[in-house]
Amino acid sequence: MHFVTASVLEAEAPRVAMRLVVEGPPVGALWRRALLRAAVAPLVVLAPLVAMAPTADHRFNIYWHGGLFRDDPLRIVPHTLDSLPSYLRMGNFRPLGRMLEKLLDLFAYVLGDVLGIPANIGFRLVSFAAAALLGVVAMLLAESVVARGRMFRRPPSTLAAVVPFAVAGGLVAAGRASPVVLFAGLYLTSAALVLAVPAMLCRIHPQRPIRLWWILPLIVAGAALASFNEVAYLALPLATVAVLARGRWVLALTGRRFWFAAPMRVLGLLWLGFLPVFLAVRMVINHYCSIQACYSGSDVSAGPEVFAALPSRALGWFPPLMWQSATAGGSHQPWFSGVVLVVAAVTLLVLAVLALRDLGRLSAVDRPAGAVLLAVAAVAVLLGATMGALNSEIQRAAAAGNWGFGWRDSAVTMPAGALLLAALGHLIRPGRRALIAGLVLLFAAMATVSATANKRFRDEVMDTPAARLDDRLAQAMADFDPTPAGQDRRCALRAEFFTLFADVPFSQYRFDQSFDVAAQQEAGVPFCPHGPTSATKPASGGN
């Protein structure tokens, strides 16, 4: 491996083949089309879920957060900080993540207000925007790893044609805990953050000077990653692998030029901010969880069960496995699933043909760069899988033989697995356009099946009494009627909810808490006049 001088780093390295043709779209147009495909392909796959009723905490949070913060969004900050002690005692620390969650719920609530649509549809639209962001960031991470020199001065690589369809194909509603379904906006955005950190570090020129005024903001940024949520913890380990592997095998840096390169110094400052916050918080949480039961969704259970659960999480992102989880309940409208299949196939085929049209102008990916991307993607999968395997709920599910179901770690392993497949395909025969075209069509077909699986999952969810009731509640809030007749209808809905969840006091408490706040914000009246739901607020573990 030969050395790369500073002058070569500024220009395109000869190992990245480029077709120097005059005809065809300029570089900027190629990038705009690639970014558009990366954003649109996930929307096609997720579109069948647009009218699916919210589940779990989001049945209430949209209205609670929307009602609380609709007239004062800045109140999100003190409201979150005030709740920190109680959440720490329950075993998690996510102040910035909770602020983002509340902000996204507020966006969904306001979107429903502005467009006159039920808030549950607004919630799905917000999550679709997060998925589009994730698709774009995943493609940019791939390009950031393989590109030498200034990325946007050269055409995107052939990865830009393949990755959007691979990422879209992984966005499967693989169970009710999948990040495509539950807290979708929060966890898909968190995954985009995890991928964005290494992408940005990889684009720092190795010889760029580190200004003194950068130091404090970088340390604060590291502390912010430790204050976001558990998924964001993966950003710096992944960035470390990406920076090390790219510096050594893509840029061919060695010695002092490798260890003291600007990306390494920036990475060190981020770790300097991250570790003190992370370690202090984990010590506090471990203390509380040693003397009382903590929220199982964020509790760490280390032991032999971790190694038993790791394979299922490391392979759970594979689309055929997720299709089984999404379609386990069947469909009562198979003919309409066929319509979704056809519409998705036509739309994705159009996007694929546009990608193939640009293929001759895209840069080739050489073997060293493709191998580094493969390693980075594999590490991202392993990091996400390990995070999932440390959870006791996941360990029990893995012991029962449940593979392919989604959990919050899937927000990272799904796009990471897509990058892994795309990189692996490029390593088979580097530079072969026919092979790249085949990959584009293969992943577009995979995304088509994923869209159909999502429709089947939506049918299963909406066939339940709770989902049908949630839909009617959303419509009642969207068309809020302050008259006595409207109050009677809302009280009937409340009575139906309390009958359906007669043995779940916490859900009853959350119903009155959230819908009353939203009704007061909307019309200055309670959702339905009632006495105290319960004497005390039941304990909750959060998301």
Side-chain angles (χ1 to χ4, degrees), residues 16 25 27-46 128-148 150-171 188-203 235 238-239 242 246 250 317 319 348 351-352 354-359 361-365 369-370 372-374 376-378 380-381 411-426 436-437 439-444 446-447 450:
V16 179
V27 169
L30 290 171
W31 273 106
R32 286 191 293 273
R33 293 210 285 256
L35 293 170
L36 184 62
R37 283 192 296 271
V40 171
L43 303 183
V44 177
V45 175
L46 294 177
F128 291 0
L133 174 65
L134 178 59
V136 169
V137 172
M139 191 198 77
L140 291 177
L141 173 60
E143 293 294 320
S144 298
V145 169
V146 303
R148 301 173 178 88
R150 297 186 177 181
M151 189 168 75
F152 294 107
R153 296 288 182 88
R154 58 184 272 284
S157 76
T158 50
L159 285 164
V162 176
V163 169
F165 301 101
V167 171
L171 294 172
L188 295 180
T189 303
S190 300
L193 174 63
V194 170
L195 301 186
V197 172
M200 290 187 290
L201 289 178
C202 285
R203 299 321 309 157
L238 180 61
R246 182 175 182 272
V250 177
W317 57 267
L348 289 166
L351 292 175
L354 294 176
L356 295 178
R357 187 185 66 178
D358 289 341
L359 204 56
R361 288 274 296 166
L362 302 183
S363 305
V365 178
V372 168
L373 179 61
L374 179 68
V376 171
V381 170
V412 172
T413 58
M414 288 188 302
L419 293 177
L420 189 151
L421 293 177
L424 188 61
H426 276 72
I436 304 303
L439 289 175
V440 170
L441 295 175
L442 174 63
F443 290 132
M446 182 177 73
S450 295

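Each residue takes its place number in the sequence, starting with 1. Just so you know, these numbers come straight off a predicted model, no measurement behind them.
Contact between His426 and Ile436 at its shortest, heavy atoms only, is NE2-CD1, 3.4 Å. Contact between Ala411 and Leu134 at its shortest, heavy atoms only, is O-CD2, 4.1 Å. Between Ala447 and Val45 the shortest heavy-atom distance is O-CG2, 3.6 Å. In this structure, Val381 and Gly417 approach most closely via the heavy-atom pair CG2-N, 3.7 Å. A pairwise comparison of heavy atoms in Ala41 and Pro164 identifies CB-O, 3.8 Å as the closest pair. Across Val376 and Ala242, no two heavy atoms sit closer than the pair CG2-CA, 3.8 Å.
No donor-acceptor distance shorter than 3.5 angstrom exists from the side chain of Arg37 to the backbone of Ala161, with no hydrogens or angles considered. Checking side-chain atoms of Arg246 against main-chain N and O of Ala147 turns up a donor-acceptor pair under 3.5 Å. Ser450 places no side-chain N or O within 3.5 Å of a backbone atom of Gly170 that could act as its donor or acceptor partner.
Between Val163 and Leu141 the shortest side-chain heavy-atom distance does not fall below 4.5 Å. Counting only heavy atoms from C-beta outward, the side chains of Arg153 and Val27 never approach each other to under 4.5 Å. The shortest side-chain heavy-atom distance between Arg33 and Leu354 does not fall under the 4.5 Å cut-off. Counting heavy atoms from C-beta on, the side chains of Leu238 and Leu195 come closer than 4.5 Å. Residues Val372 and Val146 are not in side-chain contact: their nearest non-hydrogen atoms beyond the backbone lie 4.5 Å or more apart.
The distance from the CG atom of Leu133 to the CZ atom of Phe128 is 15.0 Å, given to the nearest 0.5 Å. Taken from CH2 in Trp31 to CZ in Arg154, the straight-line distance is 6.5 Å, to the nearest 0.5 Å. How far CE of Met139 is from CG of Leu35: 4.0 Å, rounded to the nearest 0.5 Å. Annotation: the span from Leu140 atom CG to Phe152 atom CZ amounts to 5.5 Å, rounded to 0.5 Å. Separation of atoms OG (Ser363) and CE (Met151) is listed at 11.5 Å; rounding is to 0.5 Å. The distance from atom CG of Leu351 to atom CG of Leu36, rounded to the nearest 0.5 Å, is 8.0 Å.
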Yes or no on side chain to side chain contact (heavy atoms under 4.5 Å, CB included) for Val194 and Val137, after CA distance, side-chain angles and deciding distance?
CA-CA 9 Å; Val194 170; Val137 172; over 6 Å; no
Given side chain to side chain contact (heavy atoms under 4.5 Å, CB included), test Leu373 with Leu159 step by step and report yes or no.
CA-CA 10 Å; Leu373 179 61; Leu159 285 164; 3.5 Å; yes
